[in-house]
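Beneath this line is the structure, given in structure tokens, with notes to follow.
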Amino acid sequence: MEIKETILTGDRPTGKLHLGHYVGSLKNRVELQDKYKQFVMIADAQALTDNAENPEKVRENVLEVAMDYLAVGLDPKKTTIFIQSMVPEIAELTVFYLNLVTVNRLSRNPTVKTEIQQKGFGQSVPAGFFVYPVSQAADITCVQGTLVPVGEDQLPMIEQTNEIVRSFNRIYKTDILKECKALLPKIGGRLPGIDGQAKMSKSLGNAIYLSDPEDVLLQKVMKMYTDPNHLRVDDPGQIEGNVVFSYLDIFDGDKEKVEELKAHYQKGGLGDVKLKKYLFEVLNNFLKPIREKRKELEKNPQEVMKIVLDGTEKAREVAKEVYSKVRKAMCLDYK
Ligand code: TRP
């Protein structure tokens, strides 16, 4: 089969990956690796844009994220996992692309705008953080990525990348850069946090990690937000906004059983504890093999690093080619 599209995607290594990452993009990546040429980047340089003072944290999490990728089923034979900062062509492309973007346009990027608010930067936004959408365009184009499996919060990045690609091709009268498309998750793209907030995230402290041990998983499930008015087992309960059911909808393959539980809960007579124990079993069955694979990988961190460094070398070969075409188009081919 001829593979026409190339996938480029990635994550910032600022913490371990959680179920929100799985639903938002990891699941897609694992499924797509059989059909496409896939690059998955550990975005350490992007992580540093708001972690300049925490290099150790970023360094540690490069390995954690790599282990999460492998544990969840990304196969290095099919997917090239690489480290962003070790492909210097990305930084170099960023410098050139920055000239094609206005400060005004960057300040209107909704993802960055929201993050600036969330992180409470106020007037002290690091310049590198402010321009990270441009470096993300360099990430994607450095391997000619045309498909980008990400969560919907990243859509503005894709839009901005395509604007840069079009400007570049128009100004330098070329067609070497390719536009890309986002690939959003099919079902339930956004997993709520265990506290009922719309998004699962590390900074909100409401995440279930792929590496959480069984007892931690149980504790988290037992703490989950359900229906605050469902006080007695016999009371009728609500499904909407009930996190346990949102998770069952996504993780339980037995749809009939989920419908049955929903009906029972709404009628009354199904207690939260019983329901949560059921969800725990479902999640634990899903996480168990991931956890076990990760345990194995943790015994051999050098092996994991080797996989990532081999991937980095492969990615760099591709990036060098694209970069040399870019220089040529920009009349910078001095030799
Ligand atoms: N910005 C992405 C995030 O916050 C990570 C990322 C960096 C990325 N470069 C990318 C995603 C390129 C897709 C394509 O998770």
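Indexing begins at 1, ligand by ligand and atom by atom, following the structure's order.
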Exercise. Please determine if Asp68 and Arg294 form a salt bridge, counting it only when a charged side-chain N lies under 4.0 Å from a carboxylate O.
Key: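 Salt bridge present between Asp68 and Arg294.
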[X] N/O under 3.5 Å from ligand 1 N/O:
X: Tyr132; answer: no
X: Gln136; answer: yes
X: Asp11; answer: no

Which of the atoms in ligand 1, numbered in the order shown and given with their element, are less than 4.0 Å from a heavy-atom of [X]?
X: Ala43; value: 7 (C)
X: Val148; value: 13 (C), 14 (C)
X: Leu8; value: 12 (C), 14 (C)
X: Val150; value: 11 (C), 13 (C)

Quiz item: Heavy-atom count around Lys173 NZ within 6.0 Å, excluding the residue itself: above 12?
Solution: no
Quiz item: Considering only heavy atoms, does Met157 approach ligand 1 within less than 4.0 Å through its side chain, its backbone, both, or neither?
Solution: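 The answer is neither; Met157 stays 4.0 Å or more away.
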Exercise. Under 4.0 Å, heavy atoms only, figure out whether ligand 1 is touched by the backbone of Met41, its side chain, both or neither.
Key: side chain
Quiz item: Would you say the side-chain atoms of Gln84 and Asp139 include a donor-acceptor pair closer than 3.5 Å?
Solution: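 Per modelled atom types, Gln84 and Asp139 side chains form a pair under 3.5 Å.
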Exercise. Would you tell me whether Asp11 and Tyr69 have side-chain atoms, one donor and one acceptor, within less than 3.5 Å of each other?
Key: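 Judged by distance alone, the side chains do pair up.
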Could you identify the single nearest non-hydrogen protein atom to [atom] and state the distance to 0.1 Å?
atom: atom 9 (N) of ligand 1; value: Asp139 OD2, 2.7 Å
atom: atom 3 (C) of ligand 1; value: Gln154 NE2, 3.7 Å
atom: atom 7 (C) of ligand 1; value: Gln46 NE2, 3.3 Å

Quiz prompt | Tyr97 and Phe168 aromatic ring geometry - parallel, tilted or perpendicular at 30°/60° bounds | solution = perpendicular
Quiz prompt | Contact list for residues 39-51, test salt bridge (charged side-chain N to carboxylate O under 4.0 Å, His left out), sequence neighbours left out | solution = Asp50-Lys119
Only distances under 3.5 Å count here; give the side-chain donor-acceptor pairs of residues 325-335 to other protein atoms, sequence neighbours excluded, each with its distance to 0.1 Å.
unit_1 : atom_1 : unit_2 : atom_2 : d
Arg327 : NE     : Leu332 : O      : 3.3
Arg327 : NH1    : Tyr323 : OH     : 3.0
Arg327 : NH2    : Leu332 : O      : 3.4

Quiz item: Is Arg12 close enough and on-axis enough to Tyr132, meaning under 6.0 Å and within 45°, for cation-pi?
Solution: yes
